[in-house]
Amino acid sequence: MSTDDNNKTVYVLEDTCSVSDVLPGRMYKGTVQGFAAFGTFVYLNANIKGLIHKTKALTIHKENKPIIVLVSNIRNNGNIDLEEVVLADYSLQPIHCKRRTVLLGDLKTKVGRRVVVECEIAQIKQTSGPTIFTLVDATGTENAAGFIEAGKRAFPEANQGDIVRITGEVMQRGGQVQIEIDTLKVLSQEEADEVKKRLDEALNERAEPVDIPFLIESEVLERLRPEIRKIARLIRRAVFTAQPILLRHHADADGVCSAVAIEQAVIGLINDSGGDYDSDYFLFKRSPSKAPFYEIEDVVRDLDYATRDNARFGQKMPMILLTDNGSTEEDIPSMRFARTYGMPIIVFDHHHPDEIVDQYLEAHVNPYHVDGDYGITAGMLGTEIARLIHPPVEEKIRHIPAIAGVGDRSEAPERYQYLELVKNEFDEETCKKIALAIDYLQFYLRFNDGRELVRDLLFLNDNNARSQQLMDLLVEEANLMIDEQMRTCFPHLERSVLPNGAHLIQIDVEIHAHKFTFPPPGKTSGEIHDRICKEYQGGAVVTLGYGPDFIVLRSKGVLMNIPQMVRELRDELPGAGVNGGGHLVVGSIKFVEGMRNEVLVNLVKKIAEFALESQ
Ligand code: MN
């Protein structure tokens, strides 16, 4: 009983209190919860319940009405015996249970225990049973289940992005722990701000990548280090906050290599940081882009999926990563679409960048920003970023930059260092084969990522015999088709010498090459160019493969600037609808069919004005 009968104190337990905070002999304010044959159940707070035996009741009880009770006994099994008390005069005293909140990262050690967590709701998914809340704090991601009725949304007042305090019991479901929610409180602005700030600081600290040297020595990479670290940090943060990642990449060997390196790292990190068994499928998606930039067709598709997942599964809008793509003016319309839906965009690319894209980007790694060039390919950048995202991935992906380098015909010193690094397992010839096999496979995969097939080709699936077989088969087929294409094309090459001394090779690939087959026009022109370069050993060579409304450019030994030529042609030929770009010396130009001759004639004039590289 109360020690002072003249000043009767009735305690009020906050929701954070548990049975261990209840003291026998004290009076508490409760709420009538329901009835049994032998008495009345009373809630002392949202998760503590006791029983007034019918012999200890003094009044007629009504559901959800307040009631004052005395705790007469707490049994060993946790059951609480109550007696009803009727008081005319008393004072209320709230009990703050300063229960330490449990961190999600520690949840696995609390199975069977009742816990309090403070976290952000990253996702809300309604199942045919409970409502599943995906929770995020600074230490991890876990699920919590709320249930009122099968298929009905529990705690409808809570929304994605809210900061909440949840109490509940930690259960083991399959291999996963999960909180069965007793109470969920959306924190007030003031409380939420404080929790959010704490969460933010801790997340940033956790997302900070390790400090490790690059795989090779490279001054350009060193100068890119701060931005490379920034991208790694942003990606790690997205993983830790259950934000989906959508990776878009150029559909060639370099682009695929770059994207797969990141894929391996992100999936490794998701699995290591407590995601669901299949959350890598929901939280990471890799998609090739057919065009050498982020097309409207791509972004519309991406937005379609993202908004559906957002509406149906309560997922956050994704972060967009663009690799081997994304640094030119042509990407801007899509970036504006993405921004309308609040999707942050990150680019790592080695195409000559237009400054104007940077206003749409959270981060942008590009060797041209630090006096480097396309010789540091996207696959090299992607691999170094991947190592910072999830260091254990390194041993699986060490060979990827070498394949990317030969795939994109890099002549930078970095290419040779990456090759040197893995020469015992993957010599240059093998790297070339893998790159060709990827190009050939991707031609048929079109918009699909070919997830497992590409992993096989990159020897990532621990079945080297099958990888080797697949690679050999694809290389054999690809070479047969390339040889056939070259046999057909070569008699139609128009050869001339420009005033600056460069050899000019032109071919109409629309009428003098096989169409809709491998190799496509870009690669066909590239193959012709490579063979001609061998023929004119040491000489400067420009190869133009053109169709009705496009020209593919390959060059060697000429100090060209394709993006600049494209801008000039666009200004000088207003009715030609010229656009395009690419690297300084390799690229493509599009225009309207009726202006092809004007574009070709003017382009050739411009090429003839560039100086040759000194031998
Ligand atoms: Mn590339």
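Ligands are counted one by one from 1 in listed order, and the atoms in each one are counted from 1 as well.
- Atom CD of E484 has more than 12 neighbouring heavy atoms from other residues, nucleotides or ligands inside a 6.0 Å radius.
- Not one N or O on the side chain of N271 forms a donor-acceptor pair closer than 3.5 Å with the backbone of G268.
- Note on H350: counted as a metal contact of the Mn ion (ligand 1), an N/O/S atom lying under 2.8 Å.
- Backbone or side-chain N, O or S atoms of D252 do not reach the Mn ion (ligand 1) at under 2.8 Å.
- The closest donor-acceptor contact from the side chain of T524 to the backbone of P519 lies under 3.5 Å.
- Between the OD2 atom of D324 and the OD2 atom of D408, the angle taken at the Mn ion (ligand 1) works out to 140° after rounding to 10°.
- Using modelled atom types and a 3.5 Å distance limit, the side chains of Y294 and D302 yield a donor-acceptor pair.
- The Mn ion (ligand 1) lies under 2.8 Å from an N, O or S atom belonging to D254.
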